[in-house]
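Structure, as structure tokens:
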Amino acid sequence: MALLELRRVTMRFGGLTSVSDLDLDVDPGQVVALIGPNGAGKTTAFNVVTGVYAPTEGSIRFAGREIAGRRPHEISRLGVARTFQNIRLFRGLTAAENVRVALAAAKRSGLFDVLRPGSWRRQETTLCAEAVGLLERLGLSHVADTAAGSLPYGDQRLLEIARALATRPRLLLLDEPAAGMNPSEKQDLGALVARLRAEFGLAIVLIEHDVRFVMDLAERVSVLDHGEKIAEGPPEAVRRDPAVIEAYLGAPDAGGAPA
Ligand SMILES: Nc1ncnc2c1ncn2[C@@H]1O[C@H](COP(=O)(O)OP(=O)(O)OP(=O)(O)O)[C@@H](O)[C@H]1O
Ligand SMILES: [Mg+2]
């Protein structure tokens, strides 16, 4: 059974259809790339899966449950985490503090936990240890005490992933995680995605413009154009698909042809 299953999902904003009749399956532990020119509806697809918007039509099932229209925190609790195209970090807090905030929010201790003597401190200690572990996992230990806003761009993207992992997801949605990264940072990111999948069995959907970057990473590439899925398959086949080439080359201000 697919972990995530979109059926005929449509998202309209007034007269504009951003996502149209979209079917998408993601199996447990699978890496899927979602590509397409600017304005194709990629981020909107993430927004309906994570509950930012209730889809106008269609069904979204996660781990067998219907989640379309549920609130973002409920969907997060079920095991769906994401990063944002426009980085959302607490810029004035350190990297470690950013992760601790995410961990605390994911745990949401009840009233009794907070009132139990000594429990607050115990919890703080646990959160700190977990934050250290997550930063280590992403190779960010050396910047743990640096303000998020002063980190290099690539590290900010990694810190966003650390925050997403704090919720212990089964499905991770990454919205252009490689944007603004230099080639060596991109390579590290690729290795990280492969590791998250191998070590933690995470299913990952990756929005990305650079098909070459997802070539070795994704088992499947789904291509959106004007809200519609125009192609889907193994990266090598999708890259040669005339409809895909047309979508990228046909639009004058598209994000560039798939490399
Ligand atoms: N809240 C909203 N209200 C109105 N229109 C929206 C809203 N969100 C997205 N859109 C529109 O939906 C279309 C798809 O946008 P979306 O951000 O999903 O594209 P994208 O594929 O992520 O593009 P990019 O590669 O530039 O990030 C665009 O025309 C956008 O302007
Ligand atoms: Mg987008």
Side-chain angles (χ1 to χ4, degrees), residues 4 6-24 26 31-60 67-72 75 80-89 153-154 156-158 160-161 163-164 171-181 186 189 193 204-215 217-218 220-233 235 238-239 241 243-259:
L4 178 72
L6 275 65
R7 287 295 174 268
R8 311 207 64 168
V9 169
T10 294
M11 184 72 223
R12 278 189 216 103
F13 297 103
L16 179 85
T17 304
S18 296
V19 171
S20 178
D21 236 1
L22 177 65
D23 288 352
L24 190 73
V26 183
V31 178
V32 172
L34 190 58
I35 71 165
N38 293 127
K42 305 179 297 292
T43 298
T44 304
F46 276 14
N47 283 340
V48 292
V49 170
T50 54
V52 175
Y53 304 123
T56 317
E57 282 166 37
S59 146
I60 306 174
I67 58 165
R70 288 215 204 181
R71 306 290 302 273
I75 294 172
V80 181
R82 76 178 291 180
T83 62
F84 293 89
Q85 189 169 354
N86 307 308
I87 295 176
R88 294 189 188 179
L89 292 167
Y153 206 62
Q156 292 193 25
R157 292 246 172 240
L158 292 180
E160 274 240 305
I161 298 178
R163 283 179 50 88
L171 171 68
L172 180 60
L173 308 175
L174 302 175
D175 197 343
E176 300 200 24
M181 285 190 170
K186 270 195 185 187
L189 176 70
V193 168
I204 297 173
V205 184
L206 189 70
I207 295 180
E208 174 56 50
H209 281 287
D210 180 355
V211 182
R212 200 168 8 187
F213 173 72
V214 300
M215 212 65 182
L217 276 181
R220 206 181 70 230
V221 179
S222 298
V223 189
L224 291 186
D225 186 29
H226 297 296
E228 291 185 20
K229 189 167 74 180
I230 58 163
E232 187 167 66
V238 162
R239 198 178 170 187
D241 190 316
V244 176
I245 295 167
E246 161 83 29
Y248 275 90
L249 299 181
D253 57 356

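Just follow the structure's listing: the first ligand is 1, and inside any ligand the first atom is 1. In what follows, every heavy atom counts, from backbone to side chain, and hydrogens, waters and symmetry copies are set aside. Worth saying up front: this structure is predicted, and the values here are computed from it rather than measured.
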(message) With heavy-atom distances below 4.0 Å as the criterion, list the atoms of ligand 1 near E176.
(response) 25 (O), 27 (O)
(request) Return the residue, atom name and 0.1 Å-rounded distance of the protein heavy atom closest to atom 15 (O) of ligand 1. (result) T44 OG1, 3.7 Å
(request) Using a 4.5 Å cut-off on heavy atoms from C-beta on, say whether the side chain of E160 contacts that of L89. (result) yes
(request) Inspect the contact between R157 and E176 and indicate whether a charged nitrogen and a carboxylate oxygen are less than 4.0 angstrom apart. (result) no
(request) Measure the distance from atom 25 (O) of ligand 1 to every protein heavy atom, then report the residue, atom name and distance (to 0.1 Å) of the closest one. (result) K42 NZ, 2.8 Å
(request) Pick whichever of S18, G14, P37, G15 has a heavy atom sitting closest to atom 13 (C) of ligand 1. (result) S18
(message) Give the atom numbers and elements of ligand 1 that come within less than 4.0 Å of a heavy atom of H209.
(response) 25 (O)
(request) Could you tell me whether G39 and ligand 1 have an N or O pair separated by under 3.5 Å? (result) yes
(message) Among all protein heavy atoms in this structure, tell me which lies nearest to atom 30 (C) of ligand 1, with the distance rounded to 0.1 Å.
(response) L16 CD2, 4.4 Å
(message) Just checking: T44, one of its N/O/S atoms, less than 2.8 Å away from the Mg ion (ligand 2), yes or no?
(response) no
(message) Considering non-hydrogen atoms of the protein only, which is the closest contact for atom 17 (O) of ligand 1, and what is the distance?
(response) T43 CB, 3.7 Å
(request) Report the part of L224 (side chain from C-beta onward, or backbone N, CA, C, O) that has a heavy atom under 4.0 Å from ligand 1; answer both or neither where that applies. (result) neither
(request) Work out whether the distance between some heavy atom of G36 and some atom of ligand 1 is less than 4.0 Å. (result) no
(request) Indicate the atoms forming the closest heavy-atom contact of R163 with R88, along with that distance. (result) NE-O, 4.3 Å
(message) Taking distance alone, with N or O pairs closer than 3.5 Å, would you say A40 contacts ligand 1?
(response) yes
(request) Answer yes or no: is there a side-chain heavy-atom contact under 4.5 Å between Y53 and V48? (result) yes
(request) For atom 27 (O) of ligand 1, grab the closest protein heavy atom and report residue, atom and distance to one decimal in Å. (result) Q85 NE2, 2.7 Å
(message) Return the CD1 to CD1 distance between I60 and I75, rounded to the nearest 0.5 Å.
(response) 7.0 Å
(request) Classify the side-chain pair R82/T50 by whether it contains a donor and acceptor separated by less than 3.5 Å. (result) yes
(message) Checking a contact table here: which protein heavy atom is nearest atom 26 (O) of ligand 1, and how many Å away?
(response) N38 ND2, 3.0 Å
(message) Which heavy atom of T83 sits nearest to which heavy atom of L174, and what is that distance?
(response) OG1-CA, 3.4 Å
(message) Report whether any nitrogen, oxygen or sulfur of T43 sits less than 2.8 Å from the Mg ion (ligand 2) (N, O or S, backbone or side chain).
(response) yes
(message) So which atom in L22 and which in A45 form the shortest heavy-atom distance, rounded to 0.1 Å?
(response) CD2-CB, 4.2 Å
(request) Decide yes or no for E208 and V221: does some side-chain heavy atom of the first lie under 4.5 Å from some side-chain heavy atom of the second? (result) no
(message) Check for me whether Y53 has a heavy atom closer than 4.0 Å to any atom of ligand 1.
(response) yes
(request) Note the single closest protein heavy atom to atom 6 (C) of ligand 1, along with its residue, its atom name and the distance in Å. (result) F13 CD1, 3.4 Å
(message) Give me the atom names and distance for the closest heavy-atom approach of A247 to I230.
(response) CB-CD1, 3.7 Å
(message) I need the minimum non-hydrogen distance between S18 and F13, along with the two atoms involved.
(response) OG-CD1, 3.2 Å
